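Read through the structure below, which is laid out as structure tokens, and then see the notes.
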Amino acid sequence: MAQVQQQITVDENASGDRVRNGEVDVLTSTYSSIPAELESSEEPFATYFDEKVPIPEDEKYPRFSFRKLWAFTGPGFLMSIAYLDPGNIESDLQSGAVAGFKLLWVLLTATVIGLLLQRLAARLGVVTGLHLAEVCNRQYPKVPRIFLWLMVELAIIGSDMQEVIGSAIAINLLSVGVIPLWGGVLITIIDTFVFLFLDKYGLRKLEALFGFLITIMAVTFGYEYVRVRPNQGELLKGMFVPYCQGCGPPQLEQAVGIVGAVIMPHNMYLHSALVKSREVNRANKKEVREANKYFFIESSIALFVSFIINVFVVSVFAEAFFGRSNSQVYEVCKNNSSPHSKLFPNNNETLEVDIYKGGVVLGCYFGPAALYIWAVGILAAGQSSTMTGTYSGQFVMEGFLNLKWSRFKRVILTRSIAITPTLLVAIFQDVEHLTGMNDFLNVLQSLQLPFALIPILTFTSLRPLMNDFVNGIGWKIAGGVLILLICSINMYFVIVYVSALGHVALYVGAAILSIVYLCFVAYLTWQCLVALGVSFLECGQTYHLGLNSHTDLFLLNNLDADDSTMNTC
């Protein structure tokens with residue numbers, strides 16, 4: 001095996017070329033090694049991976065070591081922040097207000113599914129030494145690769161816009177309206193750079209910062225939970241009994257929205273890259289198996305924490321505001337001399353809330369402290385997800401385009417794209433239009449899910465790529481079913497949203513885009529099914545993704561004979 005962290009470059013004409021192999025075209029890439037002494041000179045800027053965390057040996061506890069778990073702790077918590085971004089928080093509170101505790105089981109199911117998919121992403125990064133965007137770049141032809149990159153970038157920008165909106169609303173609430181929404185949008189530009197500069201102090205300190213922000217969310221939303229004191233019996237019933245008695249279309253749409261908000265496409269790319277920050281000798285099967293085990297344990301803990309925080313938010317609004325009307329909230333806010341009482345029309349329609357109105361109603365019912373603590377939690381959610389979104393964009397751009405930009409340039413580009421429409425809405429419209437953008441952004445990200453889920457299942461099912469860590473038949477079937485289910489649910493969500501547009505021109509535009517979109521999804525699905533072993537689809541000039549006899553990606557070879565008899569994790 002070559003050096004563990006051997007640097008590779010793509011031959012100028014190799015990436016995406018088709019090589020004739022008998023009667024079948026084989027999609028492959030050719031790599032040549034770079035001398036180790038040139039690696040540092042060619043690296044134009046600092047990255048997340050400049051520092052790798054060493055894994056300690058613990059012979060006293062070979063089966064499980066807390067020292068090793070601590071060394072592997074970090075990537076999973078950074079990944080889990082995508083489960084706590086402002087879009088998720090808004091979906092949580094709307095779920096509680098619309099359906100009470102009845103959809104908690106949907107949240108639990110979506111989180112478990114998300115964990116299983118994150119496991120695939122982490123395994124890809126650990127086993128191959130490449131993250132998902134890099135593997136896509138080396139295994140897909142040029143045109144699909146570029147289209148895939150654009151779709152993932154759209155997902156990242158959409159997520160970034162939600163984070164900007166959440167941060168701007170939190171700043172507006174904390175300043176008692178002194179700082180307007182557009183001012184909050186501008187502030188998010190500055191504070192993003194401030195946080196990004198902190199990573200020069202070391203990888204572990206950066207991960208500790210993210211841990212601190214997650215702790216802030218747990219404390220603030222936990223305070224709201226304790227203050228409201230939800231019914232624990234109803235909470236447990238809603239979490240473990242899959243039912244929704246008396247539910248109609250609004251509750252069904254909210255359930256679909258929960259799945260779309262929890263499982264985020266760019267998170268697969270992010271997690272597959274973050275695991276590269278640990279020193280793992282991929283020539284040693286035992287170390288790779290151990291890394292897979294500890295990363296899965298860490299991801300499970302991280303997503304459990306994020307799930308508890310999400311449950312806090314759902315439960316608060318389920319207990320306090322489920323079934324309430326606008327007039328009831330209006331009267332309470334008016335009696336408490338709230339300056340925001342005009343947000344709620346004095347009618348008997350069911351209360352509709354978002355992250356802005358959610359803070360307001362908490363303040364009306366439980367005092368100003370509840371409002372400000374809510375705003376602090378939203379601000380922590382917005383800031384933490386902003387930074388992980390920037391890292392996602394960095395990895396995606398480097399992987400798909402082999403283009404290395406500094407994070408400064410990357411933030412300038414994506415923040416400009418994300419902030420421009422958000423800033424215009426904040427200046428010329430009110431807060432309801434600003435929070436209303438979240439519905440559109442959730443639809444946008446739902447559309448991008450196949451472009452992360454299908455590739456991750458495809459590549460983790462390729463034996464030349466994953467060697468002994470390839471997906472077994474159970475994972476292939478379960479993964480295929482889960483991805484089909486998730487994509488179907490999210491397509492329903494998109495159809496519901498588009499059907500409410502109410503304009504012929506918009507319908508025509510949506511129909512045209514749908515044809516292009518479905519054709520590309522069908523192409524990725526075809527490649528995935530071939531990778532899963534559906535051999536009869538290998539018709540004509542089929543691209544075999546890496547299925548040539550000399551796959552040049554980082555593979556596990558030169559393994560000890562003793563290791564070959566060990567079971568995979």
Side-chain angles (χ1 to χ4, degrees), residues 48-49 72-83 110-140 148-149 151-152 155-156 159 262-278 280 282 288-289 291-303 306 385 388-389 391-396 398-400 445 448-462 465-467 469-472 475-476 478-480 482-483 486-487 524 528 531-532 545 553-554 568-569:
Y48 180 88
F49 306 116
F72 281 106
T73 297
F77 280 90
L78 268 68
M79 168 273 295
S80 72
I81 285 172
Y83 292 72
T111 304
V112 171
I113 292 174
L115 173 63
L116 298 178
L117 294 173
Q118 298 296 162
R119 174 186 180 271
L120 297 181
R123 285 170 69 88
L124 180 71
V126 171
V127 175
T128 67
L130 298 171
H131 57 72
L132 180 55
E134 291 174 319
V135 178
C136 288
N137 178 50
R138 287 154 174 78
Q139 298 297 299
Y140 284 125
L148 192 61
W149 167 68
M151 294 298 99
V152 178
I156 294 172
S159 175
V262 167
I263 303 173
M264 315 226 4
H266 66 276
N267 219 27
M268 303 298 153
Y269 291 87
L270 175 67
H271 198 196
S272 66
L274 293 175
V275 296
K276 294 169 59 179
S277 62
R278 267 51 182 178
V280 177
R282 288 177 294 100
V288 173
R289 182 180 300 107
N292 285 333
K293 177 180 73 174
Y294 282 107
F295 275 131
F296 181 68
I297 294 172
E298 186 240 359
S299 297
S300 300
I301 296 171
L303 289 188
S306 72
S385 53
T388 54
Y391 278 118
S392 299
Q394 185 80 26
F395 300 141
V396 165
E398 289 178 10
F400 276 107
Q445 292 183 83
Q448 312 312 318
L449 268 174
F451 308 126
L453 303 187
I454 296 176
I456 199 66
L457 180 61
T458 299
F459 298 130
T460 53
S461 299
L462 286 174
L465 205 64
M466 300 294 290
N467 203 284
F469 296 92
V470 68
N471 291 334
W475 271 99
K476 289 179 180 179
L482 288 177
I483 290 173
I486 292 166
C487 292
L524 294 178
C528 183
L532 291 175
L545 296 167
L553 294 172
F554 298 146
T568 58
C569 173

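Predicted, not measured: the structure shown is a model, and the values here were computed from it. Only heavy atoms go into these numbers, but all of them, side chains included; no hydrogens, no water, no symmetry mates.
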- Pair E134-K276, salt bridge (charged side-chain N to carboxylate O under 4.0 Å, His left out): steps then yes or no: CA-CA 12 Å; E134 291 174 319; K276 294 169 59 179; 3.2 Å; yes
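- Under the side chain to side chain donor-acceptor pair (under 3.5 Å) criterion, T460 pairs with N471, not counting sequence neighbours.
- The two residues L124 and M466 come nearest to each other via the heavy atoms CD1-SD, 3.9 Å.
- From S385, atom OG reaches atom CG of L78 across 11.5 Å, with rounding to the nearest 0.5 Å.
- Here the side chain of R278 pairs a donor or acceptor atom with the backbone of T73 at under 3.5 angstrom.
- Nearest heavy atom pair, residue H271 against residue A121, reads CB-CB, 4.3 Å.
- Nearest approach of I454 to L524, heavy atoms of both residues: CG2-O, 3.4 Å.
- For the pair P455 and F451, the minimum side-chain heavy-atom distance is 4.5 Å or more.
- In this view, I113 and T109, L117, I263, L482, I486 satisfy the side-chain contact (heavy atoms from CB on, under 4.5 Å) rule, not counting sequence neighbours.
- Here the straight-line distance linking atom CG of L132 with atom CG of N267 works out to 11.5 Å at 0.5 Å rounding.
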- Query: side chain to side chain contact (heavy atoms under 4.5 Å, CB included) between L303 and M79: does it pass, once the steps are laid out?
  - Reply: CA-CA 9 Å; L303 289 188; M79 168 273 295; 3.8 Å; yes
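- The two residues A273 and F395 come nearest to each other via the heavy atoms CB-CD1, 3.4 Å.
- Among residues two or more places apart in sequence or in another chain, the side-chain contact (heavy atoms from CB on, under 4.5 Å) test is passed with I297 by F64, L69, K293, I301.
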- Item | Test side chain to side chain contact (heavy atoms under 4.5 Å, CB included) applied to L270 and M264, step by step | CA-CA 10 Å; L270 175 67; M264 315 226 4; over 6 Å; no
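- Between E298 and P75, some side-chain heavy-atom pair lies under the 4.5 Å cut-off.
- By the 4.5 Å heavy-atom criterion applied to side chains, P265 and V152 are not counted as neighbours.
- How far NZ of K476 is from OG1 of T458: 11.0 Å, rounded to the nearest 0.5 Å.
- The minimum heavy-atom distance between Y269 and H131, with the atom names listed, is O-CB, 4.4 Å.
- For Y83, the side chain to side chain donor-acceptor pair (under 3.5 Å) criterion is met by Q118, not counting sequence neighbours.
- In this structure S272 satisfies the side chain to side chain donor-acceptor pair (under 3.5 Å) test with no other residue, sequence neighbours excluded.
- For the pair H266 and S392, the tightest heavy-atom approach, listed with the atom from each and the gap, is CD2-OG, 3.4 Å.
- Rounding to the nearest 0.5 Å gives a distance of 12.0 Å between OG1 of T128 and CG of N467.
- Contact of the F459 side chain with the L120 side chain is not registered, since no non-hydrogen atoms from C-beta on lie closer than 4.5 Å.
- R123 is not listed as a side-chain neighbour of F296, based on a closest heavy-atom distance of 4.5 Å or more.
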- Task: Start with the C-alpha gap between V280 and V275, add the side-chain angles, then the distance that decides, and say whether side chain to side chain contact (heavy atoms under 4.5 Å, CB included) holds.
- Result: CA-CA 10 Å; V280 177; V275 296; over 6 Å; no
- Query: Please walk me through it: do V470 and W475 pass side chain to side chain contact (heavy atoms under 4.5 Å, CB included)?
  - Reply: CA-CA 9 Å; V470 68; W475 271 99; over 6 Å; no
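- Judged as a ring-ring contact (aromatic ring centres under 6.0 Å, His included), and not counting sequence neighbours, the contacts of F72 are Y294, F295.
- With sequence neighbours excluded, no residue forms a side chain to side chain donor-acceptor pair (under 3.5 Å) with S306.
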